[in-house]
Trainee: 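Right, I'll just put the structure down here and ask away after.
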Amino acid sequence: MMPQVFTLSNGAGPGEPAPSSPAEPLTPQRVFAEYAPRVYRLARLLLGNDTDAEDVTQQVFLQVVRKLSGFRGDSTLSTWLNRVAVNAALAYRKQRGLRHRHELSEPPEEFTEGGSHVLPVRRPPEPLPELLARELHEQIDRALLQLPEMYRDVFVLADVEERPNQEVADLLGLSLPAVKSRLHRARLLMRQALAPYFEEKAA
Amino acid sequence: MITCRHAVGQFGDLVGGSLPSELRELLQRHLEDCPDCRAHLEGYRLTVHLAGRLPCPPLPERLAHRLRALLDEEMTNPFGPGGI
């Protein structure tokens, strides 16, 4: 029995795995091999735990297999999968009424009444040692799970998945200014979580 | 002249490349004189940079097994995508 094959245009965006050659046919098996880890990571970051992420990843790939034949090809597979994965994760979260205890809330008040920094700001070392980069990645992973969902969703889509702000707005049903505002606050919170790894004094 | 609070508030647009040129010049002048804001911006940029390079770990084995089984089942389903 011949597997179904679907040809998609090579619209590699940022962070999207490059196909082996332009317009190379994609089978569901190849989609699984190339995209399943990213879908799982996205689900895990949005939902905050492995078990729920596994359930959502399975749901997403069931849709992939059943609907790939109807894929119109007017957007990249990555964008389509993102939309399906995000919708599945958010619906799952809503349905389960998932609530997580958030350690990181609003960005810290770092400024005096006059608008100056209250304390000296730590700066990251440059160049960044490889070992520190790995530690920072682990810290990002931990800190992300402690972000309020309104910030985490935007940060994951915009900065981890590197989707354009407008696409993030469309995926989450937000206005563009709302995305930019939440993203900025999320980055401030994440930067705060990484700051203990930075040097003590600004140069 | 802008304050540190105002400067930090512009970092999102600066990193996103959408800061108007007049504001960018004001921010640049402030950064030249403010080591704290320079440090803050470096940390901000690094946070974004690292997020975009967050490793994608391999699928948990049990999930990979479930997905492979799901694909096999769907592809051999006579009424499904892989069937007649």
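Only a predicted model underlies this, so the values are computations on that prediction, with no experimental measurement involved.
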Trainee: Yes or no on side chain to side chain contact (heavy atoms under 4.5 Å, CB included) for Lys180(A) and Asp13(B), after CA distance, side-chain angles and deciding distance?
Mentor: CA-CA 8 Å; Lys180(A) 291 171 77 171; Asp13(B) 284 339; 3.1 Å; yes

Trainee: Walk me through whether Leu59(B) and Phe32(A) qualify under side chain to side chain contact (heavy atoms under 4.5 Å, CB included).
Mentor: CA-CA 11 Å; Leu59(B) 286 180; Phe32(A) 159 63; 3.7 Å; yes

Trainee: Please give me the minimum heavy-atom distance between Ala39(B) and Arg123(A), naming the atom from each residue.
Mentor: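 In this case the closest contact between Ala39(B) and Arg123(A) is CB-CB, 3.5 Å.
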
Trainee: I'd like to know which of Gly12(B), Pro58(B), Pro60(B) tops the heavy-atom pair count under 4.5 Å against chain A.
Mentor: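 Winner by heavy-atom pair count: Pro60(B).
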
Trainee: Side chain from CB out, backbone as N, CA, C, O: work out which of these in Leu194(A) comes under 4.5 Å of a heavy atom of chain B, or both, or neither.
Mentor: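 The side chain, not the backbone.
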
Trainee: Quick check: closest heavy atoms across Pro37(A) and Pro57(B), and the distance to 0.1 Å?
Mentor: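 Result for this residue pair: CB-O, 3.9 Å.
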
Trainee: Using a cut-off of under 4.5 Å for heavy-atom pairs, which of Cys37(B), Gly52(B), Gly9(B), Ala7(B) has the most such pairs with chain A?
Mentor: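 Looking at each of Cys37(B), Gly52(B), Gly9(B), Ala7(B) in turn, Gly52(B) comes out on top.
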
Trainee: Report yes if the distance between the aromatic ring centroids of His40(B) and Phe198(A) is under 6.0 Å, otherwise no.
Mentor: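 Judged by ring-centre distance (under 6.0 Å), His40(B) and Phe198(A) do not meet the cut-off.
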
Trainee: For Asp50(A), which atoms come within 4.5 Å of any heavy atom of chain B: side chain, backbone, both, or neither?
Mentor: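 Neither part.
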
Trainee: Shorter than 4.5 Å, heavy atoms on both sides: which option in Asn165(A), Thr57(A), Leu45(A) has the most such pairs with chain B?
Mentor: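 Option with the greatest count: Thr57(A).
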
Trainee: Could you state the interatomic distance from OG1 (Thr47(B)) to CD (Gln192(A)), rounded to the nearest 0.5 Å?
Mentor: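 CD of Gln192(A) is found 11.0 Å from OG1 of Thr47(B).
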
Trainee: Taking all atoms of both residues into account, what is the closest heavy-atom pair of His184(A) and Tyr44(B), and its distance?
Mentor: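 Looks like ND1-OH, 2.8 Å.
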
Trainee: At their closest point, which heavy atom of Thr112(A) faces which heavy atom of Arg5(B), and how far apart are they?
Mentor: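 Minimum heavy-atom contact is O-NH2, 3.2 Å.
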
Trainee: Determine the minimum heavy-atom distance between Phe155(A) and Ala51(B), stating which atoms define it.
Mentor: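 That would be CZ-CB, 3.6 Å.
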
Trainee: Is it the backbone or the side chain of Arg45(B) that comes under 4.5 Å from a heavy atom of chain A, or both, or neither?
Mentor: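 Neither part.
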
Trainee: Any chance you could measure His117(A), atom NE2, to Cys4(B), atom SG, to the nearest 0.5 Å?
Mentor: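 Nearest 0.5 Å value for the NE2-SG distance: 5.5 Å.
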
Trainee: To the nearest 0.5 Å, tell me how far Ile140(A) CD1 sits from Arg53(B) CZ.
Mentor: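 Result: 11.0 Å between the selected atoms.
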
Trainee: Is there a donor-acceptor pair under 3.5 Å between the side chain of Asp159(A) and the backbone N or O of Val48(B)?
Mentor: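 Absent.
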
Trainee: Which pair of non-hydrogen atoms, one from Leu67(B) and one from Ala36(A), has the smallest distance, and what is that distance?
Mentor: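 Heavy atoms only, the tightest pair is CD1-CB, 4.1 Å.
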
Trainee: Quick check on Arg41(A) against chain B: is it the side chain, the backbone, both or neither that has a heavy atom closer than 4.5 Å?
Mentor: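 Only the side chain of Arg41(A) comes within 4.5 Å of chain B.
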
Trainee: Please classify the contact between Leu70(B) and chain A as side chain, backbone, both or neither, with a heavy-atom cut-off of under 4.5 Å.
Mentor: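 It is the side chain, since no backbone atom gets that close.
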
Trainee: Within this structure, what is the CG-CZ distance for the pair Leu50(B) and Arg191(A), rounded to the nearest 0.5 Å?
Mentor: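 Between atom CG of Leu50(B) and atom CZ of Arg191(A) there are 13.0 Å.
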
Trainee: Using a cut-off of under 4.5 Å on heavy-atom pairs, state which of Glu42(B), Arg68(B), His49(B) scores highest against chain A.
Mentor: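 Maximum pair count with chain A is reached by Glu42(B).
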
Trainee: Measure Leu54(B) against the heavy atoms of chain A and call it side chain, backbone, both or neither at under 4.5 Å.
Mentor: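 The answer is both parts of Leu54(B).
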
Trainee: Can you tell which of Glu126(A), His137(A), Glu138(A) has the highest number of heavy-atom pairs within less than 4.5 Å of chain B?
Mentor: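 Most pairs with chain B among the choices: His137(A).
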
Trainee: Does the pair Thr3(B) and Phe111(A) meet the rule for a side chain to side chain contact (heavy atoms under 4.5 Å, CB included), with working shown?
Mentor: CA-CA 9 Å; Thr3(B) 65; Phe111(A) 305 104; over 6 Å; no

